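What follows is a single structure, written as structure tokens, with notes after it.
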Amino acid sequence: MKKNKAIMIVFFVLAALQGMAQKKVQINLKVGDKLHQELKRTSHRQDMKPSGETIEYHTENIVGFTYEILSAGGGTYDAKVTYSFLKFKAGSPGSEGEITFDSQNGEDMAGEMGEAVKGVIGKSYVFTIDANTHKVTAIKEGLAKGAAAEKQPGPLDPGTNLFPQDDEALKRRVEGAFGGSISDQTPVAGAKWDRSITDLKKGITTKTTVNYTLNRIDGDQIYIDATGKSIVDGVPEGMEEMGDFNLTAVFDSQTNIKVDAKAGILSEVKSKTKGEQTFYTPQGDHKMNITISDVETVKRTGTN
């Protein structure tokens, strides 16, 4: 459980680095339009335990979301997002074989790993998003909370926490898909802007700054480059009275973003995040070197 709480902060950092995006390009969709969003995350973790033992983990998670535009009017859209699938594979040097999981495989879902995944796959939430600001203004059906949020996955478990499990995470995911990488101003090549946020979750404070540059505009596609830094510090929730525990980390990211200016939605994000996390405990320091690469795409898949 201690390790899982320490690992959780990586996902908070990545959400902040990728979700701090921008606008002036309007969402331009029709009732019945459908979108497919897919995130592929590959990670390498070098886990250095206080005992001196070092373990390496290699994982890949692919998660899918579908969106359907339900109604439009007054400068807003009502849409439904559904958590559609999760594919996972993992291994470590010296281990026998590779761990694999596919939520679209009935045998996998019936197994031990499937128990946690069942808590998220198929869940749907209806939200309202502003076409001008690209901000979610309401979540109308089903709060993104549940059993999956109670237990965070371990390093060799399917990444169920890549599916938003609270309202704020759901907003960030949706806003990212619906063009959340655009400047507040009319897009102009060479434009620069930055954003800073402070996020407190489960006792951990994450301060993130991202600097953006609009690289170029090519037809309907807007290309944005971003560099980010996150500084992490805090005592994991529930450990305040257990002794001298503290978690610190520094993460740096490089991100390339492509936005469909005509539809006002994300086309693609590619990012790489690297950092070192240290979990200070009475038994010694637990360090982890982490490298995470993301590829995220949004595609229109049809209209009813």
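Side chains included, hydrogens not; waters and symmetry mates left out as well; all remaining heavy atoms used. Bear in mind that the values here come from a model prediction, so they are computed numbers and not experimental data.
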Rounded to the nearest 0.5 angstrom, the OG-NZ distance for Ser293 and Lys274 is 9.5 Å

Locate the shortest heavy-atom distance separating Asp157 from Gly154; write the atom from each residue and the value.
OD2-N, 2.8 Å

Using side-chain heavy atoms (C-beta onward) and a distance below 4.5 Å, is Asp47 in contact with Lys49?
yes

Flag yes if Ile231 and Ile204 sit in one hydrophobic cluster, no otherwise; membership is Ile, Leu, Val, Met, Phe, Trp, Tyr, and two members link when side-chain heavy atoms are under 4.5 Å apart.
no

Is any side-chain heavy atom of Met48 closer than 4.5 Å to one of Asn289?
yes

Which heavy atom of Gly264 sits nearest to which heavy atom of Val25, and what is that distance?
CA-CG1, 3.9 Å

Taking Gln37 for the side chain and Leu266 for the main chain, is one N or O donor matched with an acceptor at less than 3.5 Å?
no

Intermediate values then yes/no, side-chain contact (heavy atoms from CB on, under 4.5 Å), Thr205 and Asp233:
CA-CA 5 Å; Thr205 299; Asp233 186 64; 5.6 Å; no

Are any of the side-chain heavy atoms of Tyr67 and Phe178 separated by less than 4.5 Å?
yes

Once rounded to the nearest 0.5 Å, what's the spacing between atom CD of Gln254 and atom OG1 of Thr273?
9.5 Å

Please give me the minimum heavy-atom distance between Ala249 and Gln277, naming the atom from each residue.
CB-CA, 3.8 Å

Any donor-acceptor N/O pair, Asn61 side chain to Gly159 backbone, under 3.5 Å
yes

Cut-off 3.5 Å, side chains only: do Thr213 and Lys192 have a donor facing an acceptor?
yes

Side-chain ion pair, Asp294 and Arg41, N-O less than 4.0 Å:
yes

Could you give all pairs that pass the salt bridge (charged side-chain N to carboxylate O under 4.0 Å, His left out) test and reach residues 69-88, with sequence neighbours left out?
Asp78-Lys140

Atom pair OG/NZ of Ser230 and Lys207 - distance to nearest 0.5 Å:
12.0 Å

Roughly how far, to the nearest 0.5 Å, is the OG1 atom of Thr227 from the CG atom of Asp252?
9.0 Å

Beyond-backbone contact of Val136 with Glu175, side-chain heavy atoms, under 4.5 angstrom:
yes

Report the residues that fulfil ring-ring contact (aromatic ring centres under 6.0 Å, His included) with Phe65, sequence neighbours left out, ordered by chain and then residue number.
Tyr83, Phe163

Measuring from Phe88:CZ to Ile62:CD1, what's the distance to the nearest 0.5 Å?
11.5 Å

Identify whether NZ of Lys or CZ of Arg in Arg216 sits under 6.0 Å from the centre of the six-membered ring of Tyr223 and within 45° of that ring's axis.
yes

Counting N and O atoms only, with roles assigned by atom type, does the side chain of Asp166 sit under 3.5 Å from a partner on the main chain of Ala169, one being a donor and the other an acceptor?
yes

Taking all non-hydrogen atoms of both residues, which atom of Gly64 and which atom of His36 are closest, and how far apart?
CA-CE1, 4.3 Å

side-chain contact (heavy atoms from CB on, under 4.5 Å) evaluation trace for Arg173 with Glu296
CA-CA 11 Å; Arg173 173 64 63 195; Glu296 185 172 358; 2.9 Å; yes

Step by step, work out the side-chain contact (heavy atoms from CB on, under 4.5 Å) result for Leu170 and Phe127.
CA-CA 10 Å; Leu170 181 62; Phe127 59 90; 5.8 Å; no

Step by step, would you call Val81 with Lys123 a side-chain contact (heavy atoms from CB on, under 4.5 Å)?
CA-CA 8 Å; Val81 57; Lys123 285 184 175 291; over 6 Å; no

At what distance, to the nearest 0.5 angstrom, does NZ of Lys287 lie from OG1 of Thr248?
7.0 Å

Side chains of Asp199 and Thr208: does their closest heavy-atom pair fall under 4.5 Å?
no

Do the side chain of Ser103 and the main chain of Leu86 share a donor and acceptor less than 3.5 angstrom apart?
yes

Taking only residues two or more places apart in sequence or in another chain, which ones pass salt bridge (Lys or Arg N to Asp or Glu O under 4.0 Å) with Lys299?
none

With heavy-atom distances below 4.5 Å as the criterion, would you say the side chains of Ser43 and Ile290 are in contact?
no

Under 4.5 Å between side-chain heavy atoms, counting indirect links through other Ile/Leu/Val/Met/Phe/Trp/Tyr residues: same cluster for Leu156 and Met109 or not?
yes

In the structure I gave you, are the side-chain heavy atoms of Lys270 and Val295 within less than 4.5 Å of one another anywhere?
yes

Can you pull out every side chain to side chain donor-acceptor pair (under 3.5 Å) where at least one residue sits in residues 109-122? Sequence neighbours excluded, please.
Glu115-Lys118

Which atoms form the tightest heavy-atom contact between Asp130 and Thr76, and what is the distance?
CA-CG2, 4.2 Å

Joint cluster assignment, Val63 & Phe85, ILVMFWY side-chain distance < 4.5 Å
no

What one should report as the nearest heavy-atom pair of Arg300 and Asn28 is NH1-O, 4.4 Å

Under the side-chain contact (heavy atoms from CB on, under 4.5 Å) test, residues paired with Ala191 that sit two or more places apart:
Trp193, Leu214

Residues two or more places apart in sequence or in another chain: which of them pass side-chain contact (heavy atoms from CB on, under 4.5 Å) with Asn105?
Asp102, Glu107, Asp108

Are the side chains of Phe251 and Thr206 in contact, using a 4.5 Å heavy-atom criterion?
no

